[in-house]
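For reference, the structure discussed in these notes is given below.
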Amino acid sequence: MQFLPMRLLPIDIAGLAVLFWLALGLLGLLASARPAFINRMLFPLSAAGSLVLAATGIAAMDDAATVMILPLGLPDLPFHLRLDALSGFFLFLLGAAGVGVSLYSAGYFRDTAGPTLGLLCLEYHVFIASMAVVMLADDAYLFMVAWETMALSSYFLVTTEHDQPQIRHAGFLYLLIAHVGAVAILLAFGVLQGGHGDYSFAALRAAHLTPGWASAAFVLALVGFGAKAGILPVHVWLPEAHPAAPSPVSALMSGVMLKTAIYGFVRVVFDLVHQLQWQWGVVVLIVATLTTLFGVLFALMQHDLKRLLAYHSVENIGIILIGLGLALIYAGSNHPVLAALAMIAGLYHTLNHAVFKGLLFLGAGSILHATGERDLGEMGGLARSMPYTAFFFLVGALSISALPPLNGFVSEWLTFQAALLSPALANGILRSLIPFAAAALALAGALTGMCFVKVYGVAFLGAPRSAHGLHAHDAGFWEKLGMGWLAALCVALGLAPVWLVERLEYVTERMVGARLGAQALKGGWLWLAPVAAERASYSPVIFLLVIAAVVTLTFLAVRRIYHGRLRLADPWDCGFPLLDARMQDTPAGFSQPIRHIFAPVYEMERHLPAATDPDPYFSLEIRDRFWRWLYRPVAAAAEFSARQVGRLQQGRIAVYLLYSFVTLLFVLLFVR
Amino acid sequence: MISAAWFDQIISLLAAILLLISFAMLSQRRILSLIELFAWQGAVLSASTAIVAYSANLHHLYYSAAITFALKVVALPWLLHRLIRRLNVRWDVETMINIPSTMLIGLALVVFAFNLAQPISQLATGAARHTIGIATATVLLSFLMMITRRKAVPQVIGFLAMENGLFFAATSATHGMPMVVELGIALDVLVGTFIFGIFFFQIRETFDSLDIRHMEKLKER
């Protein structure tokens with residue numbers, strides 16, 4: 001047996017990265033007394049590990065799949081690992097986002113006390129290591145073990161500040177929904193093995209299911225992975241858990257952990273079930289469209305920055321699933337090339353969301369660190385005191401708003417291209433349904449833009465609304481490095497889409513059995529043409545050049561024409577003598593038109609001051625209707641049935657003995 | 001030489017006595033007599049085990065009979081007597097249901113037990129034909145005694161009597177369990193009695209009485 005192979009395969013490097021992270025975590029726990037060592041040494045090393053993993057993942061995408069059997073696990077039930085194009089892509093995602101978040105963490109936790117930091121370091125590394133194992137697992141057993149490790153470690157990360165009751169509450173909600181989802185996933189694997197009792201993915205792939213059972217597996221997978229990803233109506237944990245967690249953790253959870261659910265969904269539905277039916281795609285598409293609209297509409301109403309970002313995660317998961325739903329529809333109706341395009345769109349957006357949402361959460365973390373505020377209504381004018389954070393946040397905001405030439409545009413554009421190819425379908429209902437999803441996507445894109453105009457305008461522009469904003473300090477070196485890395489990725493992924501799409505073709509080749517059409521990608525690295533150059537093509541580099549040219553020309557023109565006539569004056573104050581920060585638009589005021597138009601969506605509690613009020617105040621609370629529609633009834637039903645069962649407890653020994661006696665008689669009578 | 005049929009007759013007789021003692025225990029109001037009856041039950045059990053050992057020529061059953069005698073005729077009754085003296089509780093036994101009704105329920109249980117044992121009895125030979133029904137009936141009757149008694153000491157006696165029924169089923173029908181198992185059970189019974197004794201003192205300490213009705217307030221809400 002050869003312990004050290006001469007040439008390290010990608011899967012070996014990935015396994016070593018996982019071990020390296022676990023070692024770093026343990027080291028962090030041991031070094032609790034030396035927080036400086038954890039911050040300056042362990043987190044940067046962890047970022048190096050992430051970088052290696054990202055490189056390994058992207059390099060493994062065009063190789064054949066490699067497998068590995070670990071000498072771990074139960075007797076006769078060893079753990080299987082497998083690294084193929086899909087795993088490679090998601091490892092790249094984990095690594096790429098992990099580099100930024102780990103670098104950022106090196107600076108962000110500088111004020112955290114030693115014991116807390118040591119524990120946090122352990123949980124953080126267990127968390128990223130378990131996510132990597134989820135992506136590498138090649139049997140249901142290891143997958144579930146890693147999945148649960150991921151849920152538990154992230155639970156402890158969310159409840160880092162567990163002395164606050166609302167954070168404990170958020171953690172409980174997260175854990176509850178995570179476990180409901182895990183049960184559904186477990187059942188999905190149970191259905192998939194089809195009575196053979198072999199849970200390795202190779203066996204699950206080979207098992208032949210009847211269409212009914214395959215659909216059951218699909219529904220269970222959708223519910224299970226949907227609970228982790230945050231689809232409607234199991235999204236409620238996101239806006240609670242993300243604000244509760246420390247910001248780098250929020251960035252990891254929203255950026256990467258939600259993507260493990262996307263990975264699991266693709267792996268189970270496209271790879272393991274693989275007898276795709278177009279009806280499943282319709283289900284996914286409807287849920288995804290509703291999730292998208294719901295997420296963005298509620299994001300607009302938030303004034304807590306991290307809650308707002310959490311609702312945008314809900315929205316973006318919807319966008320990703322629109323792509324995957326389209327892929328299911330096309331694949332189920334025998335259009336594998338179109339399915340490949342839709343899937344590439346979905347996966348591209350998965351990566352983009354990881355990058356820009358990670359960046360935005362890190363930016364929110366820097367604001368929180370500098371001002372102690374999460375409430376937008378207390379921010380303002382931060383661009384002056386935090387120029388770097390403001391710049392990086394702007395890049396993230398432009399990306400999430402899908403503006404060219406940044407990365408968000410590419411994937412949303414690809415999704416549109418996939419949706420606009422629906423006339424190829426034979427089914428008339430589908431042909432007319434898919435444009436609705438596309439329209440919803442367009443609406444969501446516009447609303448996202450509006451939402452980030454609000455966020456950026458309120459937080460960074462204008463005058464400070466509170467004393468905190470005046471004395472805010474900019475992010476430190478490591479934080480800038482982390483955010484800079486993610487911002488650079490936003491730009492790179494926006495400028496070089498062809499490079500990534502070519503790699504994603506290896507994934508679709510395995511998952512839906514096709515690459516993009518023969519006419520696609522003929523324009524070289526400059527032009528992205530997903531179907532054919534005549535139909536539609538996009539060149540971000542030219543876009544960038546045009547934008548740069550227009551800006552330069554305008555600048556030069558202004559300089560030339562107005563040069564020397566520049567004068568500084570106070571802004572126009574409508575004749576009112578005193579301008580102060582309270583006269584600026586508020587977050588609630590900015591989004592009021594949308595609240596008005598979409599009033600039926602929200603459950604509002606509003607207090608408007610009357611003209612005669614001696615002490616006028618305005619308050620507005622927006623609640624999620626699903627609490628009333630779904631969660632309260634379920635909780636009430638659970639409590640009711642628990643009370644009914646509780647009646648068994650009489651407190652009299654004779655009655656308890658009678659229970660046993662009757663049971664004994666019953667068993668003797670009927671089970672002989 | 002005494003014939004095998006004769007042994008079967010004796011074992012059937014002992015089984016009948018066992019059942020009779022069970023009924024006597026069910027109807028007994030006085031706690032000291034209850035302990036006496038329990039000791040008698042142990043003696044009968046020991047005798048039947050010894051006879052099975054002699055007739056089937058199984059040596060380990062002699063040990064088993066000796067342990068039964070030492071434990072159930074000597075040790076446990078002595079322990080219980082001591083307990084009652086120490087606790088100073090020689091009250092009459094109170095029942096939840098009156099004695100005649102309890103007896104009627106007991107009769108129904110015996111019919112049920114024999115019905116239940118019928119399919120097994122038809123397969124069995126010799127004495128085992130009757131003994132399985134009687135052993136089951138003894139278990140059920142002891143269980144009934146546990147349910148209908150209000151005080152803690154009779155409940156423990158009911159529990160111990162239940163074990164007697166099981167032991168009788170094991171020895172008479174299948175010629176006993178392996179020695180290790182029997183030793184284990186014997187030890188369990190002994191330790192159980194000790195623990196019950198400790199609990200009695202604790203209960204009396206807490207409630208000033210051994211009436212288990214006082215424990216009803218321990219339930220939630």
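Note that this is a predicted model, so its numbers are computed, not measured. Within every chain, numbering begins at 1; the chains are lettered A, B, ... in the order of the sequence lines, protein sequences first and strands thereafter.
- For the salt bridge (charged side-chain N to carboxylate O under 4.0 Å, His left out) condition, the pairs that include at least one residue of residues 71-81 of chain B, sequence neighbours left out, are Lys72(B)-Glu163(B).
- Heavy atoms from other residues, nucleotides or ligands lying under 6.0 Å from CZ of Phe156(A) number 12 at most.
- At a 4.5 Å heavy-atom cutoff, the contact between Leu109(B) and chain A is made by side-chain atoms alone.
- Sorted by first and then second residue, the pairs that involve residues 619-630 of chain A and meet salt bridge (charged side-chain N to carboxylate O under 4.0 Å, His left out), not counting sequence neighbours, are Glu603(A)-Arg623(A), Glu603(A)-Arg628(A), Glu605(A)-Arg623(A), Glu621(A)-Arg623(A).
- One finds the CG atom of Leu657(A) at 5.5 Å from the CZ atom of Phe143(B) (value rounded to the nearest 0.5 Å).
- Distance check: Leu668(A) CG to Asn115(B) CG gives 12.0 Å after rounding to the nearest 0.5 Å.
- Other residues, nucleotides and ligands contribute more than 12 heavy atoms inside 6.0 Å of the OH atom of Tyr631(A).
- Side-chain contact between Leu664(A) and Leu140(B) is present, with at least one heavy-atom pair separated by less than 4.5 Å.
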